[in-house]
Participant: 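One structure is given below, represented as structure tokens, and several questions about it will come after.
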Amino acid sequence: MENLIYLDHAATTAADSRVVEEMLPFFTEEYFNPSSVYTPSRNVRNKLDEAREKVAGLLGARHPNEVVFTSGGTESDNYFIKGTAWALKEKGRHIITSVVEHHAVLHAFGNLERQGFETTYLPVDRYGMVNPEDLEKAVRPDTILVSIMTANNEVGTIMPIKEMSEILKPRGIVFHTDAVQAVGSLDINMQDLGVDGLSLSAHKFYGPKGVGALLIRKTVKPVPLLHGGSQERHRRAGTENVPGIMGMAKALELAIAEREERNREITRLRDMLIKGIMEKIPDTILTGHPEKRLPNSASFCFRYVEGESILLMLDMQHVAASSGSACTSGSLNPSHVLLSMGLPHEIAHGSVRLTLGKENTEDQIKKVLEMLPPIIKRLRDMSPLYAAEKSPTVKEAC
Ligand SMILES: *Cc1c(COP(=O)(O)O)cnc(C)c1O
């Protein structure tokens with residue numbers, strides 16, 4: 001693992017050692033159920049309340065009770081979207097999202113569609129950005145819910161959430177944002193964004209996996225997904241993941257305190273990577289918005305090659321990266337995000353996503369910049385597509 005160059009921080013991050021330190025006592029000495037009556041339990045309950053206050057304060061919730069702890073981004077998205085649609089179904093059946101959402105949102109919408117809700121999927125421009133004017137045109141008197149991600153996980157594009165909330169607020173339409181990629185990386189404040197729901201997940205900002213939170217505006221009452229005990233004020237039954245929640249609160253605190261410092265270095269390395277790749281490798285497209293993108297995100301399409309082949313060759317040289325494409329039941333489909341941005345299938349197939357993190361070094365980026373051009377060249381030399389395009393003789397022979 002020591003020589004691994006990890007460039008897939010949009011998929012997950014390593015827990016910070018300070019976060020693990022914070023969690024450890026809650027597995028052993030402070031293992032008590034926060035719902036029990038004895039003193040050691042009440043102490044754990046107090047620590048849980050402090051974590052809730054911390055998360056609420058750091059993300060601009062109006063009250064700690066607006067924070068519900070969940071098992072992660074997927075649950076937070078599902079709970080808010082399905083729960084709100086069910087709660088408001090007598091008011092209207094129309095719900096809106098975008099074509100570039102994470103599957104946790106898209107498939108929740110698909111599920112609601114099969115239950116009789118009407119869905120609108122807003123398009124994006126070539127940078128993966130939703131246009132607020134399209135939202136304005138899509139809203140109807142029976143629209144009850146809109147969900148648009150704060151920043152995209154495949155191409156890093158940052159969405160105009162505040163502009164969209166200004167369209168929705170006067171109409172009384174509930175607005176949710178999947179901020180899983182944004183929290184920790186951008187300055188995120190629920191009230192400033194003007195949203196009624198906001199999802200986050202600890203493992204995307206150097207916290208543990210399997211724990212997240214959903215910020216819910218007091219005025220919205222999503223129907224719970226999980227029924228059981230009265231935890232989380234009847235909104236999410238089940239004994240709280242105390243170590244996970246303590247770790248998440250710590251990770252969030254660190255991410256926000258160190259955000260500028262982390263982003264300065266991450267952005268410097270990311271820009272070095274983008275510049276190097278664009279200079280060294282011809283026929284390369286930088287995907288996503290040129291400026292309005294997450295500080296750690298670099299994504300490309302290399303023409304005439306398969307993204308998956310690039311990933312395998314990078315893996316052989318101990319570089320962990322992703323294509324951002326969905327791999328379903330053995331068949332390789334290009335990413336729904338890239339296709340929505342208007343990239344043709346054959347180009348979208350050549351996608352590679354490199355997402356940086358706080359432990360990457362300049363030396364690692366230099367290594368990748370040395371490694372990648374020969375990999376692409378080798379794959380292109382084997383590609384009949386490339387030969388047909390680049391060599392007039394082969395073209396004629398065809
Ligand atoms: C990772 C991710 C999720 C899912 O979060 P989990 O905690 O892994 O369930 C949802 N949305 C976005 C944008 C993500 O990047």
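Just so we're clear, the structure is a prediction, and the values are computed from it rather than from any experiment. In each ligand, atom 1 is the first atom listed, and ligand 1 is the first ligand listed.
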Participant: What's the shortest distance from atom 3 (C) of ligand 1 to any protein heavy atom, and which residue and atom give it?
Facilitator: His102 NE2, 3.5 Å

Participant: So, do Arg293 and Ser299 sit near enough that their side-chain heavy atoms are less than 4.5 Å apart?
Facilitator: yes

Participant: Hey, which atoms in ligand 1 end up nearer than 4.0 Å to a heavy atom of Asn153?
Facilitator: 13 (C), 15 (O)

Participant: Could you find the nearest protein heavy atom to atom 11 (N) of ligand 1 and give me its residue, atom name and distance?
Facilitator: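 Protein heavy atom with the smallest distance to atom 11 (N) of ligand 1: Asp178 OD2, 2.7 Å.
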
Participant: With a 3.5 Å cut-off and no angle check, do the side chains of His176 and Ser147 form a donor-acceptor pair?
Facilitator: yes

Participant: Would you check the N or O atoms of Gln181, main chain and side chain alike, for any that come under 3.5 Å of an N or O of ligand 1?
Facilitator: yes

Participant: Quick one: are Glu166 and Pro132 in side-chain contact, heavy atoms under 4.5 Å?
Facilitator: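 No, too far: nothing below the 4.5 Å cut-off.
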
Participant: Looking at atom 4 (C) of ligand 1, what's its closest protein heavy atom, distance included?
Facilitator: Thr74 OG1, 3.6 Å

Participant: Could you check atom 8 (O) of ligand 1 against the protein and tell me its nearest heavy-atom contact, residue, atom and distance included?
Facilitator: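 Result: His203 NE2, 2.9 Å.
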
Participant: Okay, side chain of Tyr206, backbone of Lys358: is any donor-acceptor separation there less than 3.5 Å?
Facilitator: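 Yes, the answer is positive, given that a donor and an acceptor are paired below the 3.5 Å cut-off.
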
Participant: Give me the nearest non-hydrogen protein atom to atom 7 (O) of ligand 1 as residue plus atom name, then the distance to 0.1 Å.
Facilitator: Ser201 OG, 2.6 Å

Participant: Suppose I only count heavy atoms of Val180 and a 4.0 Å limit; which atoms of ligand 1 are within that range?
Facilitator: 1 (C), 2 (C), 3 (C), 10 (C), 11 (N), 12 (C), 14 (C), 15 (O)

Participant: Could you check if a side-chain atom of Tyr127 sits within less than 4.5 angstrom of a side-chain atom of Lys292, using non-hydrogen atoms only?
Facilitator: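 Sidechains of Lys292 and Tyr127: no contact.
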
Participant: What atoms of ligand 1 come within less than 4.0 Å of a heavy atom belonging to Gly72?
Facilitator: 7 (O)

Participant: Any side-chain donor-acceptor pair under 3.5 Å between Asn111 and Gln115?
Facilitator: yes

Participant: Return the residue, atom name and 0.1 Å-rounded distance of the protein heavy atom closest to atom 6 (P) of ligand 1.
Facilitator: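 Of every protein heavy atom, Gly73 N, 3.5 Å lies nearest to atom 6 (P) of ligand 1.
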
Participant: Determine yes or no for a side-chain-to-main-chain donor-acceptor pair under 3.5 angstrom, with Glu66 supplying the side chain and Lys218 the backbone.
Facilitator: yes

Participant: Could you check whether any side-chain N or O of Thr355 sits under 3.5 Å from a backbone N or O of His9, counting only pairs where one atom can act as donor and the other as acceptor?
Facilitator: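 Yes, the answer is positive, given that a donor and an acceptor are paired below the 3.5 Å cut-off.
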
Participant: With backbone taken as N, CA, C and O and side chain as the heavy atoms from C-beta onward, which portion of Lys204 lies under 4.0 Å from ligand 1: side chain, backbone, both, or neither?
Facilitator: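 Only the side chain of Lys204 comes within reach of ligand 1.
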
